[in-house]
Each structure stands twice: as structure tokens, then as C-alpha cells.
Protein chains: 2
Amino acid sequence: MGRKRTKSGKIRLAEVAELAGVSPITASRFFRNPEALSVAKRTRVESAAKELGYVPNLAARALASHRTEVIGVLIPSLTNNVFSDVLRGIYDASEGSRYSIQLSNTRYSILQEEKLLRLFLAQKPAGLIVTGIDQTAESRAMLQAADCPIVQIMEIGPDPVDMMIGFSHYDAARAAVAHLFEQGHRKVGFVGARMDPRVQRRLDGYVSAMKDAALFDQRLVVTTATPTSVTLGGALFTDLLAREPDIDAVFCANDDLALGVLFECRRREIAVPGQIAIVGFNDLEFMASAVPTLTSVRTNRYEMGKTAATMLIDAIEGRRPEQPVLDLGFRVIERQSSSARRSDSRPAVSGAGAANKMIALPSGQD
Amino acid sequence: MGRKRTKSGKIRLAEVAELAGVSPITASRFFRNPEALSVAKRTRVESAAKELGYVPNLAARALASHRTEVIGVLIPSLTNNVFSDVLRGIYDASEGSRYSIQLSNTRYSILQEEKLLRLFLAQKPAGLIVTGIDQTAESRAMLQAADCPIVQIMEIGPDPVDMMIGFSHYDAARAAVAHLFEQGHRKVGFVGARMDPRVQRRLDGYVSAMKDAALFDQRLVVTTATPTSVTLGGALFTDLLAREPDIDAVFCANDDLALGVLFECRRREIAVPGQIAIVGFNDLEFMASAVPTLTSVRTNRYEMGKTAATMLIDAIEGRRPEQPVLDLGFRVIERQSSSARRSDSRPAVSGAGAANKMIALPSGQD
DNA sequence: GTCGCTGCTGGTAGCGCTGTCAACGTTCCT
DNA sequence: AGGAACGTTGACAGCGCTACCAGCAGCGAC
């Protein structure tokens, strides 16, 4: 059980080539572009490599080829379950490919993001996945100049650096509020935490929907920069209630807050949805099993990650997508927590996504 | 916005050396072991590097030194919040160091783990973090033979491959059941999902505690190999209730299941803790804000990840820890869901951990 | 039969850095 | 004063792989 570091491993490409009776360069080609070899040599190299248990030295490959097989991923948080779903999709898509994932956490700071970006770019990644569309000018310039494909995820916006996959948080929030209106609710509060750009856009969507209905009032909005949590949901709701005791619904910027609001209602013996309706955002797994079950806006997080990585790998390998911007849409999942005040229920509100496939989320799948 | 890949970047170590008026090798030393240089040259190289904006080529470094600066991390799941806390600790500890984290997901398969291990080891990582103590014989042999420090995390067991940090799931489960006994509960059910080795050991702890009290009955145990979820908690509890309607407590192998049980109780109008007490495991953030608040066994996940990575980096750099096996302990956090039947409450049950520091978990911190 | 094309293969020459070891100047000891 | 010991520096020789380009065979067209 030697703990120290020593010399290099063993079998090199040259050994494989020798056993196969070809030149090293031919063996090299086998791993990069097998089609270029004659069938005879191809099988010879293949079996030689297998026999010797050859494993390529990635450092040597990177040095010689001026290129790494690393996909850099910049996400704002490792805790937020939203990102763990996305990540799972990314990892799943990268599995089996030659690319490895290099993850970095920006902690919701675009300055930190800029720093990490510089770090990544210096290593010449094969591709990059970045979160959102709100980079610093400097970051954006670096991305524009970058020598690799890039996918922006989580939302869609006007001018993609390269590729983009996500959905409109603004529209999703509007749809959620519209759903509450349909159910007969009027005095709809907003509860939000962290207030990162995407939450901010959900707030914007809420505000616009409320204004359209001439129902907007700044006092209905409670937000904080504090990171989100279930407990915080209860606290923010308490603030909201203190300010506006007669609200009849709450739109929560995420599901944790919604759960906190639900618990707080229970604590205060406020009937849900009788007195107050609750709508969350993301449709985490627990929303469907709460009592009452909680309405939420379903987003395709796993699919987003998986598609992003797949698009990126395709682009790296020269197969640029027909459609560089992909709107994955969202869907309001109506449940008990927002059921009708008056009886005139409608079908679920579905949003965006040209090809809004609405693949079932494998939440809690692994 | 060139998307393609091209030639290499620019300034090399040689350029820096030239500007600084030293040999390349001296410049190289500056980055690896500054103390070995005279102060004069050190500052010359430093300012030259800064002036040119030199960024070392890691591939060349790895090739020449037969060593990478990559820490491999093998975890069973990217979804489970338990691991996202650990991961956050690992990433936090690695930040600022020269090491980068390479993450892989074993999906709770030790065969997959073996495969990934082989892959990792082939790249000569600087260090390795692996989950648990249940590797295949082959994996274990590879780890023993590995040429780098290794930390096993999540639990502690008899013979560490190298270093180890975690706690006893067995003892933690026993403590949870003991707490229920203290509160006057007798007919305690067990609900578990996934049944990975750690959940299995929690079950073992539960069984032993029940047997010690002559209360064990196989019919009180409901488990499934299905991945855990809140919904599943409700379903398993339903099974348990159908089988043994007169249980007075449920020990859940994790908090998601506990939340599911709580919701199911609410659905069935079973009073908690009046009719049935609930205890979870991990003490996720929401446990403290549920209604009633839910008792759980707190585990130091963030600290575990952070300490593991810190120990590993220290070991890589030659500073082996005095104590290669670290028991981080656990703590039963008593809340309403398990409060006393008869009145004889006691202080919280604390477990293990020579230096059981009980650092507050920064859950939902970022 | 020669030319030119295509398809496959191999030789040469590094990629940018560090391990090893020798060489140098200085200090300190006897 | 001579030499050992130390601290600092540099020369050399690759690490294992691939870019580039040359070479060769096989084939069809003129």
C-alpha cells in the first residue's frame, strides 16, 4: 500500500503499436479516427491494446494536441437541488463519451464566475457550460473569444454567446399567476429568496401579470437576498401576512419556500387552499406528496443538463446543432394547494418550447 | 467568436525565465518550491510571470512530472442531498489549493465503482476520495496498490485502506431507537429505501436495539430497493400500517422518508406524536420547520467533505494526519415528532466522535 | 504505359515542462 | 589555508503522444 508517488505506469502507445506490428502513429490514429485505418490494422491494434490493457496518457495527448478533453461547467450552487438535477443530466450525457466534466461553483457571484472562467479558459477546455445569461462584460468578452463551443443553460435570452438551452422564467411566473387568477384568486403575494437573476425574472413575470390585471401592489412582494430554505419560506410568509393579512394566494419563487409557507399555514391553522392558495416553482418531488399536494411549475432540469451536454459534445465534434437556442418550456402542475375558489377549472397551462416535449422528470431517480 | 480549436496559447515558462533573466528550470522551481530560490530571483520570476500573465500548462506539467493535480471523488449519487452537502465541503476545501476535483457517480453500484476506479487510477490522481467501506475485492486491491493518498468517507469501519472519516450508522440508529424508547415508545417500526450499505447498517442498528429490548419483530421492518423519495415514505408507511396497525413510532432511514410518513399521517389523520412518533435521519434543513417539527439524527456532512479533502491534500503534500481515522459522530436532535409519551425527558443523545465537535451544519447556506 | 488521384501508412519533430545530477559560489570548520 | 558542506543554479534529456508531411501502393483515365 505505497502511498507515495513514483514513476509512470507502464504500457505506452508504442508498445501497443509494436505488438500490433504497426507504427505508433497508426496506433494513435486507431484511437482518434478508427475509420482511417484498414480493417486489418484496425483489428490488430484493437486486440493489441486490449491484450496489454493499454490506457492512453491524457496529459501527453493534451500536450501534443493542444487540446483537452475537459468540459468545464460553471454553476452557482452545489446545494440547490435544482442544480443537482441539471448536473446529473450533464454527467449522464458525458458518460461513455471521451470527455470529462470539470465542475466549479460560482456561489452566485458573477465576479467569482469571471475568475473561474479565466481559469478554465487557460486550460483550453473542449467545451463550456455556463449558467444563465448575466455574465460580466469581461466574462462575456472571454466567452466570445473562446476557442470552444459554449452552452448557456437555465434560461433563454436575446443574444446567445453560442448555444443556449433553458426556458423563460418570466413567462413561467406569468403562467403561474395566470393559473391563480383562473382559480379565482386575486390578492396574490410573492415570496422570493436569494434573488439571483432567474428569481428576479420570476418576480418580473409576477409583477407584469399582476399589473396586467391591475392587481399589483408593492406590499404584496416579500424578498430577501438570504439563501433559500424551508424555514425561510415560513418567515417570509409571516412577514407578508403581517403586512397584508387578507391575501388569498402566494406564489413562491421555489418549492422550498412553498413548503415553508405550507407549514406556516398549518402552524397558524390557515386552510390551504381554502383561505390561501400556494404555488411553488420547479416541481420538486415532494410537492406531489405534501398535504395538501402543492401546485408548482415543472421545469425540465434533468433534460436541460443532458441536452446541454449532448449539444456541446456534438458541437465539439463538429456536429453543430441545427437550432442553437432551445426552449425547453415549463408546465404548471395544478394540485390541491391552488384548486378553484369558484368552480371553473381549466387544463394545465403549458409554456413555450417549440418542441415542448415535457419529458417526465426522473426526480429522485437516483 | 471563433468556435473552432486552434494552436496553443502563448507565453511559456521559457519566456518568463528569459524576461526574469534566469534559466527555465529556475523559473519552474519558482512555481513548485519558491523557498528554494534566492529572494532576488524569486521576486524577478514572480514579477516576470505577472507581467506576461503566465499560466502554467498543466498537461505539460503532468507529462513531465508523472503526476496530476487531480483529486478523484467517487460518490454513489448526485441527487441525494446528503452527498451534495459532502460535495460542497470537498469543493470548498479544494478551492484555493492547486488541486482540482474530478467527480464520478457510481450510482450505488460497486461494479461501476470498480470500473471508475480503474479509470481514475490510470490517470495517476494526486489523491482519491471514495464513499464507504464496501468495495469489491478487486477495487480494494487497486486502492491498496494505489500510488496516492486515499480517504474513505461517510462511515468508519475496521480496516481503512488509508484514511477514513465518517461515523457509525449502526450506533446512530441505535441512538435513535434508544431515544424513542426513552420517550416511552415500544412498538417501533423501521422504514428504509435504497438499502445501500449505510442504510443497511442503520437497519442493523435498529434491529440490535430492538432485540436488546426484546421488542424486535420482523413484521415491523419495511424496506425496498427503490430509490428514496418523500412519496415512497408515505407508501412504505402505508404498508407498515397495514401490517401492524398498532405501532407507536417509526424510525425512518432518512429524512425524505420521514417527511413522507408525516404527510401520510396527516392524510390519515393520525396524530404525531400523539399516536405515532417519527424520527428521521440526517437532519436536513426542513426537519426543523415541519409541523410538527421532526426529530432526526444530525450528521456532519459538510464538515465530513471539507475535512476529508483537507486531510487528503495535507497527505498529498506530505503532511500525514496524526490520526488517520476520524469519527465525526452524530447527534439525535429531539423535536416535537417524538416528544415524550410519559414525562421523563432527557438530554439529547450524542454519539461517538472522540472530538465530537458538533459544528453547526451550514445547510442551505449556498 | 504513364500520369494523377485516392487511401493508407510511417518518419520526423516537437508540445511545455520537470527529474536528475553536475557545477558553481559561499561559508564554516579544522 | 585547505577542504567539506551547504545553498543555489543550470544543462540535458526526455515524459507519451500527435501534427505535419512524405511516401507508397492500387486504381482508372488518357
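First the proteins, then the strands, lettered A, B, ... as listed; each starts at 1. Values below: every heavy atom of this structure, side chains too, minus hydrogens, waters and symmetry copies.
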> Looking at side-chain heavy atoms only, is the closest gap between B/Leu326 and B/Met163 below 4.5 Å?
Replying inline: no
>> Under 4.0 Å, heavy atom to any atom of DNA chain C: which of residues 29-39 of chain A qualify?
In response: A/Arg29, A/Ala36, A/Leu37, A/Ser38
> Atom CD1 in A/Ile75, atom CZ in A/Phe83: separation rounded to 0.5 Å?
Replying inline: 6.5 Å
>> Measuring only between side-chain heavy atoms, which start at C-beta, is A/Asp327 closer than 4.5 Å to A/Val325?
In response: no
>> A side-chain contact here means heavy atoms from C-beta on lying under 4.5 Å apart; do B/Val161 and B/Arg140 qualify?
In response: yes
>> Using the side-chain contact (heavy atoms from CB on, under 4.5 Å) criterion, which residues pair with A/Ala62? Sequence neighbours excluded.
In response: A/Thr68, B/Ala59
> Quick one, which residues of residues 14-27 of chain A touch DNA chain C with a heavy atom under 4.0 Å?
Replying inline: A/Val22, A/Ser23, A/Ile25, A/Thr26
Donor-acceptor contacts, no H, no angles, side chain residues 125-135 of chain B, under 3.5 Å, sequence neighbours left out:
unit_1, atom_1, unit_2, atom_2, d
B/Thr131, OG1, B/Leu74, O, 2.7
B/Asp134, OD1, B/Arg201, NH2, 2.4
B/Asp134, OD2, B/Arg201, NH2, 3.4
B/Gln135, NE2, B/Gly132, O, 3.1

>> Please give me every residue in residues 44-64 of chain A whose heavy atoms get under 4.0 Å of an atom in DNA chain C, ordered by residue number.
In response: A/Leu63, A/Ala64
> Is the shortest side-chain N/O distance from B/Ser28 to OP1 or OP2 of C/dC17 below 4.0 Å?
Replying inline: no
>> Between the opening five pairs and the closing five pairs of the helix from C/dG1-D/dC30 to C/dT30-D/dA1, how far apart are the helix axes, to 10°?
In response: 40°
>> So, does B/Lys124 get its side chain near the phosphate of D/dC15, meaning an N or O under 4.0 Å from OP1 or OP2?
In response: no
> Starting at CD1 of B/Ile11 and ending at P of C/dC15, how long is that distance when rounded to a whole Å?
Replying inline: 15 Å
>> For A/Phe30 and A/Tyr54, I'd like to know if the aromatic rings sit close, meaning centre-to-centre distance below 6.0 Å.
In response: no
